Every structure is written in C-alpha cells, then in structure tokens.
Amino acid sequence: MADFMVNMPEAERERRREHGRQMVATKLHTPESQAKALAARSVPEVKARRSLSMARTLMPWLPSHLVQAYRELTRSGLSPTEARVALEPEIAGTAAHTARVLANVRDAQRIRRERDQAQAY
C-alpha cells in the first residue's frame, strides 16, 4: 500500500475506492471513450513507438537503430539466435564488433601496402 494511505482512516480509503469505481463506470467504460482510446492507439506513430518500446524491453542488447534489421532477419527465416549472431558485429562494444573493426583496419593496411608496392616499380 502507498505510504500516504497507511495512516488514512478506513472510511476515507473506502470513499476513494468508491469514487474510483464510479469514475471507471461513468467515464472510462462509455462507448465514446472506448472509441477515442482505440483511435489513439491506432495512429501509426503510436504503433511504431509502442513496437520500439516492446523491442527495447524484450531485447535490451539490441540498439534501437538495428531493431528493423533484426526483424527482417527473423522474418526471412533465421532463428533469433542466428539473427543476433549476424548483427553482433554491428553492435559497438561487443567482441564481434571489435574483431570486425580490427579486420577492416588490417585490410586497409594490406591494400595500402600492396598499392605502394605496385607503384614502386
């Protein structure tokens, strides 16, 4: 129970409960309010925000900018584990990302060395 209600008299608690029940019955469960709530939930921006929020809750390891790529991989037939392994090189701070960055640097150095050798002759 909330701290402010601990010392509240039982009659006051019951009065507040009854008021809450009346508000739900008269304001929240009317067809107009139900239609308004449904319309608000159906806006594409709201759906996208809700979808991203759910993804962040279910997959905290996945950065927001890779959520769509993860969905595309899983919809294409990859298992969630395979999709995660495929995206780990793109997630900063992971060992796979560090290995990819180092491999890119090594490749750039090798290409530069080969180009310099070819131009030396």
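Values in this document were obtained by computation on a predicted structure and should not be read as measured data.
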Tell me the closest heavy-atom pair linking [X] and [Y], and the distance in Å.
X: Ser51; Y: Arg71; result: OG-NH2, 2.7 Å
X: Leu73; Y: Ala86; result: CD1-CB, 4.1 Å
X: Pro89; Y: His97; result: O-CD2, 3.0 Å
X: Leu87; Y: Leu66; result: CD1-O, 4.1 Å
X: Lys27; Y: Ser33; result: O-OG, 3.1 Å

Same cluster (ILVMFWY, side-chain, under 4.5 Å), [X] and [Y]:
X: Ile91; Y: Tyr70; answer: yes
X: Met59; Y: Val85; answer: no
X: Leu38; Y: Val43; answer: no

Given Glu45 and Arg49, is the salt bridge (Lys or Arg N to Asp or Glu O under 4.0 Å) satisfied, shown in steps?
-> CA-CA 6 Å; Glu45 294 83 19; Arg49 232 179 17 247; over 6 Å; no
Pair [X] + [Y], salt bridge at N-O below 4.0 Å:
X: Glu18; Y: Arg21; answer: yes
X: Arg100; Y: Glu88; answer: no
X: Glu12; Y: Arg16; answer: yes

Separation between CZ of Arg115 and CD1 of Ile111, rounded to the nearest 0.5 Å | 9.0 Å
CZ of Arg84 to OG1 of Thr74: how many Å apart, nearest 0.5 Å?
->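 Interatomic distance, Arg84 CZ to Thr74 OG1, rounded to 0.5 Å: 14.0 Å.
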Arg41 and Arg50: side chain to side chain contact (heavy atoms under 4.5 Å, CB included), yes or no, with the steps?
-> CA-CA 9 Å; Arg41 286 192 313 263; Arg50 186 175 62 230; 4.1 Å; yes
Expected output: side-chain Gln34 to main-chain Leu28 donor-acceptor under 3.5 Å =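 Judged by distance alone, yes, a pair lies under 3.5 Å.
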In chain order, what residues pass the side chain to side chain donor-acceptor pair (under 3.5 Å) check against Thr94, with sequence neighbours excluded?
-> none
Met54 atom CE: more than 12 heavy-atom contacts under 6.0 Å |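 Not buried by this count: 12 neighbours or fewer within 6.0 Å.
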